Asker: 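Submitted below is the structure of interest, expressed as structure tokens.
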Number of protein chains: 2
Amino acid sequence: MSIFSTPCIVKRMAVAPKAQSASTAAPKGRGRRGARASGDDRERAILETAERLLEERPLSEISVDDLAKGAGISRPTFYFYFPSKDAVVLTIVDRLVADAGGSREEIITALADGGPQAGFRVGLENLYAAFRARPGVVRAGTDLRATNQEARELWAQVMEGWVADVTAVIEAERARGAAPPGLPARDLAIALVQMNERAQYATLLDESPSLEADRVLDVLIDVWLRAIYGTAEPKP
Amino acid sequence: MSIFSTPCIVKRMAVAPKAQSASTAAPKGRGRRGARASGDDRERAILETAERLLEERPLSEISVDDLAKGAGISRPTFYFYFPSKDAVVLTIVDRLVADAGGSREEIITALADGGPQAGFRVGLENLYAAFRARPGVVRAGTDLRATNQEARELWAQVMEGWVADVTAVIEAERARGAAPPGLPARDLAIALVQMNERAQYATLLDESPSLEADRVLDVLIDVWLRAIYGTAEPKP
DNA sequence: GACTCTATCAACACTGTGTCGAGTAAGTCA
DNA sequence: TGACTTACTCGACACAGTGTTGATAGAGTC
């Protein structure tokens, strides 16, 4: 388990198009493929429309009809591909989260080479970069948690993954004597990961108050290092 | 400006019943009062119904009809008292936030007597206690920010108030030599206040991951003290 | 040429919001 | 006392959005 790895996103039933569900699951390699070509296009068109619209306005102002129109189909046809608007957003968020979890070798290298400061910075930078590119999607995912149990579960799973990674790093640093004992490692990890979530979200959406985009990582890392090592300049 | 004071909540137009708006604003002391008695009852009944239902289920599962029925009136009559469901929730959240901001003498006393640890603890305890009593209202207020600009502004104002207070305390502690220099005080305050918001919300709603209710304050205060003073046991 | 499977949509049923206009009841004033 | 005002109430409507049904068309298969 390495730092900031993505906890292997679930293939959720709710987002699978009805077309694929169970029906003759096994055979037909190409015939199916050919028949599905148009269908795959539509599905992609819906997802692309949603991504585009989400950068223009909030999820609550986007209707199923908007998504259908954007994909060049009627509203009932939309329901052939997705069971609901929420399912579209969950699919998109799933992918974003998967993207954000990538590139861990880079982090491991940074941890080994540059010590904890560099390691944490690279980890947080990667995460932040992935989300910063699509603030609309981040916002939609967050908004969705207000009404959608599945969205809450997905995000809880992501958070648990990060917390587990950070807990492991804190324990390792304490074991090798680099960090002093203190709060239970998991408690500290939870508080720090939650701080990051909230602070980065606020910055991403330019809330008030929020940290400036070009300073947010410096501030967060400073708090992390002080909370974990007792100083902002721990030795490698 | 003292720590954790409530930044004087605005009287928002949107929540004022139509009945009061402008129309013959000045005269008639008692006649008006008598005539309004029943109306005040209704208004209170709506607010009480909303508070009750919000502890039972989320805002998205409560309709205007539910509120009207609960208050013993028809749906159109509801609109005589409030312009929308959101306005009801904003009124309730307003009051909760005002409650949470009270009792500052206690905090000032604690800051003076017990030093920063006690001061911060009393401040955070008061806040947390006010919110913990009505998690449904907290959740509704939070959920509302997804769709309602006014809810976002109200919360932004509350956060700004806390950040301003914490910034002032950090600067004071640095000025008297109790805290070392470091990050810009406001940046640090933003990060810490955001951490608290997120962590306390998660604990309140028993999210996963979240800190245990009986440990959340200990954990947060430890991080605060380390981030501000460089140690979890600053001298008074 | 019947059969199947994917894909499509008009029309419908339903839920929830917010408005309109017609009331009633109680108080005010000429 | 009786016309007038004000607070309050709600049936009926218009509208927006969701999700379903059932009929149908085309492409591929046997």
Side-chain angles (χ1 to χ4, degrees), chain A residues 14 16-46 50 53 57-89 144 147-148, chain B residues 14 16-46 50 53 57-89 144 147-148:
Chain A
K18 290 171 187 170
Q20 296 180 329
S21 63
S23 64
T24 64
K28 290 174 185 172
R30 246 176 24 87
R32 174 72 162 286
R33 195 76 226 153
R36 294 262 359 219
S38 141
D40 284 352
D41 287 348
R42 300 295 197 202
E43 193 176 319
R44 200 163 353 100
I46 292 171
L53 293 182
R57 51 182 196 267
L59 179 59
S60 59
E61 287 168 30
I62 298 171
S63 69
V64 171
D65 205 40
D66 292 333
L67 297 181
K69 287 248 171 57
I73 55 178
S74 70
R75 208 163 51 77
T77 301
F78 167 92
Y79 288 101
F80 180 79
Y81 294 100
F82 293 93
S84 68
K85 187 173 74 174
D86 289 6
V88 177
V89 175
L144 203 53
T147 54
N148 188 293
Chain B
K18 290 170 186 170
Q20 296 180 329
S21 62
S23 63
T24 63
K28 290 172 186 173
R30 243 174 28 85
R32 175 70 162 288
R33 194 76 226 152
R36 294 259 2 216
S38 139
D40 284 352
D41 287 349
R42 301 293 197 204
E43 192 175 319
R44 201 161 353 100
I46 292 171
L53 293 182
R57 52 185 197 267
L59 179 59
S60 59
E61 286 167 30
I62 297 171
S63 69
V64 170
D65 206 37
D66 293 332
L67 298 181
K69 286 248 170 58
I73 55 178
S74 70
R75 208 164 51 76
T77 301
F78 167 92
Y79 287 102
F80 180 79
Y81 293 100
F82 292 93
S84 68
K85 187 172 75 173
D86 289 6
V88 176
V89 175
L144 203 54
T147 55
N148 186 294

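These numbers were taken from a predicted model, which means no experiment stands behind them.
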Asker: Specify the separation, in whole Å, of atom NZ of B:Lys85 and atom C1' of C:dT15.
Answerer: 12 Å
Asker: Over how many whole Å does the gap from B:Arg42 atom CZ to D:dT9 atom C1' extend?
Answerer: 9 Å
Asker: Between B:Ile46 (CD1) and D:dT9 (P), how many Å, whole number?
Answerer: 9 Å
Asker: Do B:Ile73 and B:Phe80 make a side-chain contact, defined as non-hydrogen atoms from C-beta onward lying under 4.5 Å apart?
Answerer: no
Asker: Roughly how many Å is it from CZ in B:Phe78 to P in D:dG11, rounded to a whole number?
Answerer: 17 Å
Asker: B:Asp66: what forms a side chain to side chain donor-acceptor pair (under 3.5 Å) with it, not counting sequence neighbours?
Answerer: B:Arg57, B:Ser63
Asker: Would one find a side-chain N or O of A:Tyr79 under 4.0 angstrom from OP1 or OP2 of C:dC9?
Answerer: no
Asker: Could you tell me which residues satisfy side-chain contact (heavy atoms from CB on, under 4.5 Å) with B:Ala45, sequence neighbours excluded, listed by chain and number?
Answerer: B:Ala71
Asker: Please give, in whole Å, the distance from C:dT17 P to B:Ile62 CD1?
Answerer: 11 Å
Asker: Let me know the distance between CG of A:Asp40 and C1' of C:dT6, rounded to the nearest Å.
Answerer: 12 Å
Asker: Rounded to the Å, how far apart are B:Glu43 CD and D:dA7 P?
Answerer: 14 Å
Asker: Quickly work out the A:Phe82 CZ to D:dG19 C1' distance and round it to whole Å.
Answerer: 16 Å
Asker: Has A:Tyr81 got a side-chain N or O lying under 4.0 Å from the OP1 or OP2 atom of C:dT6?
Answerer: no
Asker: Where do B:Thr147 and A:Ser60 come nearest, in terms of heavy atoms and distance?
Answerer: CG2-CB, 3.7 Å
Asker: Strictly below 4.0 Å, heavy-atom distances to any atom of DNA chain C: list the hits from residues 63-77 of chain A, or just say none.
Answerer: A:Ile73, A:Ser74, A:Pro76, A:Thr77
Asker: Would you mind listing every salt bridge (charged side-chain N to carboxylate O under 4.0 Å, His left out) that reaches into residues 70-82 of chain A, with sequence neighbours excluded?
Answerer: none
Asker: Restricting to side-chain contact (heavy atoms from CB on, under 4.5 Å), what partner residues turn up for B:Pro76, sequence neighbours left out?
Answerer: B:Ser74
